[in-house]
Every structure is written in C-alpha cells, then in structure tokens.
Amino acid sequence: MASLNDRLRSIVQGTRPSAVPVVSPDAAIGHHAAFSHQPSAFSPFGPDRILAAAETLGGTVIERPNGVVIIVDREYRADDVHGRQRIGDLIETIRDGQDAMQTMARAWPSAKGMGGVGTGGSKDPPLLFLDLETTGLFGGAGTQAFVVGCAAIDGESIRVRQFLLPGFEHERAVLAEVAAWAGAHGALVTYNGRTFDVPLIETRYLFHRVPCPLDGVPHLDLLHAARRLWRGRPTAAGPDPDESSCSLSVLEKHLAGLHRVGDVPGFEIPSRYFQFVRDGDARPLEAVLEHNRLDLISLAAVMARAITLIAEGPRVTTNPHECFGLARLYERSGAIENAEASLLRSIDLAQRIGAEPEVHADALRRLAWVRRRTGRPHEAAEAWRALAALPRCPAGFRRDAMEALAIFHEHRSRDLGTARSLVLDVLKDGPLGRRRDAAEHRLRRLERKIAVREQGGLVAALDASLEVSN
DNA sequence: CTTACTGACTCCGGACAGGC
DNA sequence: GCCTGTCCGGAGTCAGTAAG
C-alpha cells in the first residue's frame, strides 16, 4: 500500500509516476500504466481513496485523460466448480456449441446475426458475456452502470473483467475501457440484456456522444431460450411461482445446483454504490462484485445447459416439461423433425411418470398441430384422439381435440356420423360465444349433408330395385 | 418501484381446395 | 363458376416478466 501512496503523491504533485504498475498488463488490449492525471479528476474524494478502494476489491487502477477506472480481474480455471458444474465442462460445451447457438438464433431472429459468429473456438473471437450493476432499474438517462462485468473464455479458463466506476465523473473513461475490451470479442451473450443491459449502456455512450462498441455486434439474450425451456416447470415442492420462475438466480439453482451464501439482494445493490460514492469505503462493494461474477458464470452455465439440450436432443432429459420446452424451441427454429421427436419423448415421459396431465396434454396438442401443418392430417387425428382419451385431460384441451376431430371426419375421412356426434359432445360441454356459434353452424351443415347422403342412398336403392324389376 | 420485450390470443383477409 | 370451409400470415391487444 505504501507504494500506492507514493504513486498517488507523485500524481498529486504532478510528477511522473514511479515504476510501480497500477494495472495488470494486458497485451491483447494494450493497457499501460500512465498515471499522470491532474488531481482534480479524483473528486469528490481523493486519489488515495480510489487506490484504497481498488486494493480492497483486489483490483487495479488505470487512468485515462477523461477519468479513472478500477479494474478487477478474476480467473475461473477448468477444475474450479460452479455449484455442481465444472468450469472446464462449461467451456467445452460452449466451445462445441456453434450449431446449437445457430438454432437459438433461428428461433429468436432478434438475436441478430448470431449465425456465422464463433463460439470461442480457436479461430473465433471469444463470446462476450455481459452483466451490468446499475444505480437502479428505471432506465433512461438517470441510471448509470457502475460495474460493467464481462466474461470470456480464454484457453482453459473463464476470465472475468469488471470495470468499476470510482465516481460518476469517471464514466467516459470507463466507457472507453469497456469499448477497448469489447472490441476484442465476438458475439454478446446476456440475460434480459435486450431489454435492460444493452439499451442502458447504449444510452450511456449516447449521453457522452461516443460510438457504442456494441452497435452491430451479434447478441444472444438467453432469457428467451430459458423461458422456452424451463418456464412454469413444476418443482419438487409443487407449483411454487418463486421456484418455477426464470430469473437467473432461480435457474442457476435448478440447472447448476448453485446455492449462494451471503449474496446481496438486487434491490440493495444501488444503495451500496451510493454509500461508496459518499464515503469512499469500498468494502460493501466486495459482495456486489462477487454477485456480478456469479451472475456471469451462471450465464455461461445456463448457456451450456441449453446448448447440451439442443445439440444432444431429447434423449438427454428425463423431464417431460424440459423436453416439451425443447420441442417448442426446435419448432420456432424450423427444425420440425427434432420438434416432433421431442414431443413424442415428452409424451412418453409424461405417460411413464403419470403425474403431468397438463404437459402430457400440451405435448399431444402441439404434436397434432405440427402434423397438421406439415400436411399429415391422419397422423394429426391420431394425436387428437389420444388427447381426447387422456385421463384427467384439461377441459379446454379435450374440446380443442373434439373440434379438430370433427373437422377431420367431416372433410378428410368423410365419416359424417362421427363428426356429428363429436360436435354434439362439444356442444354438451357448454362452449360460449364464437365457439358455440361455430359448433352450431357445423352441426346444421353436417345434418344437411347427412340428409342429402341418405336421400342419395334412397334414390340409389330405388334405381337398383327398378332395374331388377325391369 | 420502470421499461420494453415476448408470447398468447383474436381478428381479418387472401389463397386454396372441394362439393355442387 | 359459386359457395363454403380451412389454413396461414400479419396486425393489434393484453398480460406477464426480467433486469438493479
């Protein structure tokens, strides 16, 4: 610490810096210690507090013409674990995940340009996992990011670099450092970043009239794939909305088995930073930085699980719910064969477990839709029949099945009697509004057709008997 | 608490097919 | 050729939900 103070004094006195580096060398980006800034840049509290804060947080300080940045670097090595996940396994899965990422990109085209972007393989620029800690949730020009957390795969490790804003007046310097780092990376991966992180950081660059380094960078927001795969999943404790949500903190427990100890609740994060800005004591921020690092690694863990499911297919899950979500994801991406295989497995799993009438019914209904849409009405009818016959089938699903079967029998198999009795069953259910109107309309039409057919039969019989008598 | 994005749902119009 | 019904995509609406 004495050396830091020496260095600090030299800055305050406007002399050249001593030989002690205040930033870790980073050849890829080309940082060099150049601590010659005028002391006025360190308001509201002095440079000693910034250096002390960096030391408290295990970081380093770099100075730029427009301000000062605290940088905290951490490395997660292959043998480290995140919950029950080995970091090395996450890295390997993500590295090999190119095809699965493209599937996600096709499913959510707003993940602009993910196709063709590497996943951190030897020739690709590494993915940039991004997570901000901000002064609030409210967005707009008043909310600032005080930690820009970035993670990237580097060899056999995940490297996390956190850019901490030492005071509001240093924002331009932080943004410039982030831009330099982001420029060395490829596609962006976030959690709810499309709504939160990216618009917020774009606003900050816009505010300072500086080009945003994320403009035009391919972006995969994992929230949407996560919702597709895991939303509304039942939990061991029953239907608990808190435990079946798709927040990152809930998913990391579910997917990676990570249980955080002493984690900072999100709502507390802004106030810890305001406290730091007031008194310069960085200790409350240690937990905030740790929270941010865990979020970044969890983001990678969620991504790895999604990649495994998409790449390996439905055989790697024994959960009918997850399997159904996988089918929906494939369907969105246009991989209809994979979608159908996943639906069949979901149905099979639900049948074996026997405890999931909703997911079972949902999968059968989806299977029927997929088959009808791909021009296989007879196979679709099989699925509708299985759905209508499902024990404990939710009423709405059964009604859909009977309507679809009535259409099938009227127009495809030409079994008007079966169609009519199905419509009568639908009407017994007491549908309301347009559904009732449609069913009554169908019934009248079927009865007309049946009468015509019977008349035709009578005429034919009469003709035949006349022919015999002649 | 705010914001904006998504998905589910409904409605509407056009394309198409089949029956008469 | 007309009528009826289905299918499909696009537009509009609304509720739910992540982020600190």
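Per chain, numbering begins at 1; letters A, B, ... match sequence-line order. The structure presented is a predicted model; accordingly, all values stated were derived computationally and were not measured.
With ring centers used as reference points, A:Phe168 lies under 6.0 Å from A:Tyr273.
When the P atom of C:dC7 is taken as reference, atom CZ of A:Arg371 falls 16 Å away, rounded to whole Å. Taking atom CH2 on A:Trp369 and atom P on B:dG7, their separation rounds to 15 Å, with Å as the unit. Distance A:Leu443 CG to C:dT4 C1': 17 Å, rounded to the nearest Å. Following rounding to the nearest Å, A:Glu331 (CD) and B:dA8 (P) show an atom-to-atom distance of 10 Å. For the pair A:Leu220 CG and B:dT6 P, the computed distance is 12 Å after rounding to whole Å. Between A:Arg194 atom CZ and B:dT6 atom P the separation is 7 Å, expressed in whole Å. Rounded to an integer number of Å, the gap from CG of A:Leu229 to C1' of B:dG7 is 15 Å. Rounded to an integer number of Å, the gap from A:Glu410 CD to B:dA17 P is 18 Å.
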* Which nucleotides of nucleotides 14-20 of chain C have their base under 4.0 Å from a protein heavy atom (B), which only their sugar-phosphate (S), and which neither (-), written as one string 5' to 3'? -> ---SBBB
Can you give the donor-acceptor pairs under 3.5 Å from side chains of residues 305-314 of chain A to other protein atoms, not counting sequence neighbours?
from     : atom 1 : to       : atom 2 : distance (Å)
A:Arg305 : NH2    : A:Glu322 : OE1    : 3.0
A:Thr308 : OG1    : A:Ala304 : O      : 2.9
A:Glu312 : OE1    : A:Arg315 : NH2    : 2.7

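Paired with A:Gln85 under the rule side-chain contact (heavy atoms from CB on, under 4.5 Å), one option of A:Leu90, A:Asp80, A:Leu258 passes, and it is A:Leu90.
Sorted by first then second residue, the salt bridge (Lys or Arg N to Asp or Glu O under 4.0 Å) pairs that include residues 266-275 of chain A, not counting sequence neighbours, are A:Glu268-A:Arg272.
Residue A:Arg328 has no polar side-chain atom (N or O) positioned under 4.0 Å from OP1 or OP2 of B:dT6. Here A:Arg366 does not reach the OP1 or OP2 of B:dA8: none of its side-chain N or O atoms lies under 4.0 Å away.
The nucleotide whose nearest atom lies closest to any side-chain atom of A:Arg228 is, among B:dC5, C:dT6, B:dA8, B:dA8.
Between A:Arg260 and A:Ser298 there is a side-chain heavy-atom pair separated by less than 4.5 Å.
A donor atom on one side chain and an acceptor atom on the other are found under 3.5 Å apart for A:Gln162 and A:Asn292.
Counting non-hydrogen atoms of other residues, nucleotides and ligands closer than 6.0 Å to CZ of A:Arg283 gives a total of 12 or fewer.
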